[in-house]
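Structure, as structure tokens:
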Number of protein chains: 2
Amino acid sequence: MAQPKAHQVTLRSIADQLGLHVSTVSRVLNGRTGDGVRAASGDTAARIRRLAEELGYQPDPHGSGLRTGRSRLVGVLVPRLSDLVLAMIYEGIDEAAGELGLTTITANSRDDEQTRRLRTRMMLARRVDGLIFGDASLDSGFLDELAADGGKFVLVNRRAGDHPSVTADDVTGGRLAAEHLHGLGHVDVAVIAGEPYASTGTDRTAGFVGYYRDRGLAAPLVLHSPFDTAGGRAAAEKLLSRPDRPTAIFAVNDFAAIGAMGAARDHGLTVGTDLSIMGYNDTPLAAELPIPLTSVTVPTREMGRRALMSLTRLLAGEAVESERLAPTLVARASTARP
Amino acid sequence: MAQPKAHQVTLRSIADQLGLHVSTVSRVLNGRTGDGVRAASGDTAARIRRLAEELGYQPDPHGSGLRTGRSRLVGVLVPRLSDLVLAMIYEGIDEAAGELGLTTITANSRDDEQTRRLRTRMMLARRVDGLIFGDASLDSGFLDELAADGGKFVLVNRRAGDHPSVTADDVTGGRLAAEHLHGLGHVDVAVIAGEPYASTGTDRTAGFVGYYRDRGLAAPLVLHSPFDTAGGRAAAEKLLSRPDRPTAIFAVNDFAAIGAMGAARDHGLTVGTDLSIMGYNDTPLAAELPIPLTSVTVPTREMGRRALMSLTRLLAGEAVESERLAPTLVARASTARP
DNA sequence: ACGTTTGGCCCAAACGTTTGCGCAACACAA
DNA sequence: TTGTGTTGCGCAAACGTTTGGGCCAAACGT
């Protein structure tokens, strides 16, 4: 766009104007700034750089992509970008990518296997250099296939199989939650566990349940549900209708927790005093809610950044290890003594 | 990625296998499916198509981009993707783009002029065919420049100058809000108006204030603030500390409204009974809050879709008109008679 | 003075597409 | 037979870049 194709600034146009050959210009501008020897004389190099700057030269990715076989494009697949957590992770990814001169393209898989495959195909068709999956499913058939085909990717937020991943330590996070509620004196507790195919939900639940079990306490009630507000509301609805209603609910996700707060109110319960509810992720919203929500902070943006770094290492041919980031608990008014 | 470069499926590899020329294969596969005459014999065409399918041929965008000068890439600039409203708009854009075989790349401008310019530059360097701005500022100097340089773009969500845009009818939306609150009997009302550079905030405020003014009522208090929860909370804090505290608050954004709810609670006020609060955008959250939030629905995803459609028309050389989508009000428990 | 190195640059090929042009073969009419 | 069209393809050039291999001249070693 911009210029009607008339005067695109190209290596050639620069070379011609300077009476040099296009390859010289290319070498200077690609400047393996390290050695500096092989490029050109200090003088010509300077002239080239000045003119390039002046004309606002920007290498054409089609040209270089065609030649090098690399696109400097990274594909990012997420369940949905309108999930705040994923949006923040993506922001981290994109930020880090920008700093390295990479561009990201993203797509929603809606946690649907077919969409996942389709969108991945589209990204490969775009010739992405590598992929980041934020929507890994625990039965990772698709990822196994992709890896077997030589696909380069890392996972973020959710782990699966032993594909390299950057996640929070969700088991520990769940344990922290249990420790907090148990410390307040809650023994009848329940977990709104999210979708069973997501490691985030299952790991947090496992950590939570493990804590209670290790102490010989009654096993917490576990209920699966979608990760969103409506899902949390429905699950809490069920929990609160039971005769042996729990005194505290741990939702593995802030939005589910907010839904649970709604259900609590419908049951005439005041969150914090009649019923403790806590979430996970420490969404910016959590602190600002009418009743501030106890939650577990995970460094979302940092997770995204690291995932991208991992991917670049992978693309450079290095071996990469999975990373687990440490969560921390932040207590607020939504949880209190029973 | 994927194949180690060894056996990429290319027009040539298909042509060779079939003993045809690459141009023939190209013509068949690009099939101007309409005329059908000029391509090849029905038989060869079928053979080509079958083999391409079988090998999983995907045209290389670098090659075609280089040749055609088009990238089938659309750049989308937003204030921040972690703003749910923008995320949903972006989903609409990307969905529509996908259906047309276009790919979107996105970036956050954080409503910062310099970042905006920088990120736009990066997108142009990527040779996007066109741009969609979701972060237009009312003083549209940057956009004017870009348009003067022949840049192809449309605006979404926020309008500016008379650049083509797809937005909701925010003035009407503000009016609906005023009508609702006034209908309930509120005369001392206030507006948390968002940032003054965003048409969304100013238009909604103008519609709201206009309604009260047209009826000769006292002019609503107007307070600007950031669009997020913390901003809304701070603004509400100020409003509620006044001796002539309003009985109803219209926040031009659900998140600001949620912040306001928090402030209300700090003041010992029960939202709905002691103080009416309403938001805007009808975020999925609004309905699920402990105290469900009255809000104005705008067809976010649809807005995104239409913006992309507009852009494609623009790119096809057609003239495009701005569009205004109709908002509707949905009343919930957070607003009631004073 | 003569061989050898090295600095500085150019040459040319290749990456995968698209597309205007042209050509052979055939059909048909006159 | 010649002329006129049509169908079915191939040819070749171009898009902008990168990169291995030159080649010429100057600098250096002996």
Side-chain angles (χ1 to χ4, degrees), chain A residues 1 3-32 35-48 52 55-72 101 124-127 129, chain B residues 1 3-32 35-48 52 55-72 101 124-127 129:
Chain A
M1 72 185 265
Q3 266 57 350
K5 179 89 168 189
H7 32 280
Q8 250 246 73
V9 184
T10 159
L11 283 186
R12 170 115 85 155
S13 69
I14 295 183
D16 287 355
Q17 249 172 98
L18 256 35
L20 291 169
H21 192 266
V22 43
S23 66
T24 309
V25 180
S26 170
R27 266 183 262 260
V28 168
L29 259 27
N30 277 8
R32 285 187 245 328
D35 50 10
V37 209
R38 238 58 195 90
S41 79
D43 180 52
T44 29
R47 284 164 59 221
I48 291 175
L55 299 180
Y57 170 73
Q58 303 271 163
D60 187 324
H62 296 128
S64 60
L66 189 54
R67 174 62 223 243
T68 63
R70 263 163 292 114
S71 59
R72 305 195 67 72
L124 292 176
R126 267 286 167 196
R127 303 296 193 265
D129 289 340
Chain B
M1 66 188 268
Q3 265 59 347
K5 181 91 166 187
H7 33 277
Q8 250 246 73
V9 183
T10 159
L11 283 187
R12 171 114 83 154
S13 68
I14 295 184
D16 287 356
Q17 249 171 100
L18 257 36
L20 290 169
H21 192 264
V22 42
S23 68
T24 309
V25 179
S26 170
R27 265 183 267 259
V28 168
L29 260 27
N30 278 9
R32 286 185 243 330
D35 49 13
V37 209
R38 238 54 198 96
S41 79
D43 180 50
T44 30
R47 283 164 58 221
I48 292 174
L55 300 179
Y57 170 73
Q58 302 271 164
D60 187 325
H62 297 128
S64 60
L66 188 54
R67 172 63 222 248
T68 62
R70 264 163 293 112
S71 60
R72 305 195 67 73
L124 291 175
R126 267 285 167 194
R127 302 296 194 268
D129 290 339

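Fair warning: this is a prediction, and the values are worked out from it, not measured in the lab. Residue numbering restarts at 1 for every chain, and letters A, B, ... go by the order of the sequence lines.
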*asked:* Between the base of D:dC11 and the side chain of B:S23, is there a donor and acceptor pair under 3.5 angstrom?
replied: yes

*Per A:D60 side chain, nearest of listed nucleotides C:dT17, C:dC10, D:dT17*: D:dT17

*asked:* Quick check against the 3.5 Å criterion: does B:D129 have a side-chain atom that pairs as donor or acceptor with the backbone of B:S71?
replied: yes

*Whole angstrom is fine here: how far is it from CG in B:L66 over to P in C:dT17?*
12 Å

*Counting Watson-Crick and G-U wobble pairs only, both distances under 3.5 Å, name the nucleotide matched with D:dT30, or none.*
C:dA1

*Hey, is the side chain of B:R27 pairing donor to acceptor with the base of C:dG20 inside 3.5 Å?*
yes

*asked:* Between B:R12 and A:H21, which residue's closest nucleotide on DNA chain C lies nearer the 5′ terminus?
replied: A:H21

_At less than 4.0 Å, is any side-chain N or O atom of B:H62 found next to OP1 or OP2 of C:dG16? Yes or no._
no

*Within the structure, does a side-chain N or O atom of A:T24 lie under 4.0 Å from either OP1 or OP2 of C:dC10?*
yes

*Over how many whole Å does the gap from B:Q8 atom CD to C:dA14 atom P extend?*
17 Å

*B:L20 has an atom CG; how far is it from atom P of D:dG8, in whole Å?*
13 Å

*Mind checking B:P61 for me? I need base, sugar-phosphate or nothing, with any heavy atom below 4.0 Å counting as a touch.*
nothing

_Tell me the interatomic distance from B:R72, atom CZ, to C:dT17, atom P, rounded to whole angstroms._
15 Å

_B:Q8 versus A:R127, closest heavy-atom pair with distance_ = OE1-NH2, 3.1 Å

*What is the distance from CZ of A:R70 to P of D:dT17, rounded to the nearest Å?*
16 Å

_Side-chain donor/acceptor of B:T68 to backbone N/O of B:S64, under 3.5 Å_ = yes

*Report the base-pairing partner of C:dA13 (Watson-Crick or G-U wobble, both distances below 3.5 angstrom), or none.*
D:dT18

*asked:* Is B:T44 close enough to D:dC9 that one of its side-chain N or O atoms is under 4.0 Å from OP1 or OP2 there?
replied: yes

*asked:* Under a 3.5 Å cutoff, is there a donor and acceptor pairing between the side chains of B:R12 and B:Q17?
replied: no

*Nearest atoms (heavy-atom pairs only) where A:S26 meets A:L11*: CB-CD1, 3.6 Å

_If I take atom CZ in residue B:R126 and atom C1' in nucleotide D:dT17, what distance separates them, rounded to the nearest angstrom?_
14 Å

*Side chain of B:S26: nearest nucleotide among C:dT19, D:dT17, C:dC10?*
C:dT19

_Atom-to-atom span, CG of A:L11 to P of C:dA14 - whole angstrom_ = 20 Å

*Grab the CD1-P distance between B:I48 and D:dC9 for me, whole Å please.*
8 Å

